[in-house]
Amino acid sequence: MRLILMGPPGAGKGTQARVIAAELGIPAISTGDLFRAHVAKQTPLGIEAERFMSLGEYVPDSVTNAMVRDRLDEGDARGGFLLDGYPRTLAQVEELDVLMTARGIALDAVILLIVDGDEIVERLLRRGATEGRTDDNERVIRRRLDVYAEETEPLLLNYSRRGLLTEVFGAGPPTEVTSRTFAALQRSGLMVPNPSRGQPRSGFEGAQPSSRSTT
Ligand code: ADP
């Protein structure tokens with residue numbers, strides 16, 4: 001399966017990406033994690049990326065696209081993948097389309113985690129205090145949210161027009177968010193129910209196919 005996980009900074013993409021990808025037996029590919037690994041090793045790419053990340057700006061498309069292209073050509077991504085944090089700009093959407101078409105593969109779904117703005121800032125400030133991510137301070141968080149609204153939200157319309165977008169309510173315990181995501185993938189016919197996995201509570205209105213995806 002080939003999936004994209006989208007949502008604002010702090011929506012819980014990283015946590016969900018790891019669990020969902022493990023269940024589906026595909027790699028979770030996080031551009032944020034790839035960049036942080038380069039920064040930690042101080043590779044030329046890491047040194048370049050760090051300048052943008054520390055300000056809450058996006059790393060230039062040319063750098064990001066080349067990194068993702070290489071990662072998708074690694075053996076473990078041949079049978080499927082879950083992208084976390086990519087694409088984030090329209091140019092990245094185009095690049096991913098070109099890259100996938102050239103390889104004769106297509107996207108199955110784009111999952112959008114929906115979380116309220118105040119909750120996001122709280123979560124990120126908490127993460128900054130506990131995990132020490134240098135971009136989790138209030139000024140940079142605000143910039144990251146603005147950049148998301150300007151650069152990345154427009155992508156949602158693009159994917160919903162293609163019938164790929166599925167919205168999942170991202171508040172509450174991570175395990176519930178995971179159950180809602182699996183329920184959404186089942187509704188789209190991409191996954192079969194697995195009784196051992198646990199299902200969303202009955203009557204819970206968490207995972208709804210996007211109303212936008214029907215237009
Ligand atoms: P967040 O969810 O807060 O955006 P990530 O770990 O996904 O955190 O990303 C951290 C930073 O890495 C971003 O603020 C940005 O600078 C850079 N980055 C990650 N993915 C991309 C991308 N697809 N395009 C450009 N920059 C990116």
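When a residue number appears, it is its place in the shown sequence, counting from 1. In listed order, ligands and their atoms are each counted from 1.
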Donor on one side chain, acceptor on other, Tyr58 and Thr64, under 3.5 Å: no
Within reach of ligand 1, part of Arg36 (heavy-atom separation under 4.0 Å): side chain
Proximity of Tyr58 to ligand 1 by residue part, where a heavy atom lies under 4.0 Å: both
Nearest-option assignment for atom 10 (C) of ligand 1, heavy atoms, candidates Arg144, Glu151, Arg133: Arg133
Proximal candidate to atom 7 (O) of ligand 1 [heavy atom criterion; set Arg88, Met53, Lys13]: Arg88
Numbering the atoms of ligand 1 from 1, which are under 4.0 Å from a heavy atom of [X]?
X     : result
Gln92 : 22 (C), 23 (N), 24 (N), 25 (C)
Thr64 : 22 (C), 23 (N), 24 (N), 25 (C)
Glu57 : 15 (C), 16 (O)
Thr31 : 19 (C), 20 (N), 21 (C), 23 (N)

Nearest non-hydrogen protein atom, atom 26 (N) of ligand 1: Val59 N, 3.0 Å
Nearest neighbour in protein (non-hydrogen) for atom 27 (C) of ligand 1: Phe35 CE1, 3.6 Å
Electrostatic pair Glu151:Arg88 at N-O distance under 4.0 angstrom: no
Lys/Arg N to Asp/Glu carboxylate O, Arg143 vs Asp135, below 4.0 Å: no
Residue pairs, two or more places apart or on separate chains, that pass salt bridge (charged side-chain N to carboxylate O under 4.0 Å, His left out) and touch residues 90-114: Arg69-Glu95, Asp73-Arg103, Asp97-Arg162
Val168 versus Ala184, closest heavy-atom pair with distance: CG2-CB, 4.1 Å
Sequence neighbours excluded - side-chain hydrogen bond (donor to acceptor under 3.5 Å, both in side chains) pairs with any residue from residues 24-34: Asp33-Arg36
Nearest-0.5 Å distance that lies between atom CG in Asp136 and atom OG1 in Thr130: 8.5 Å
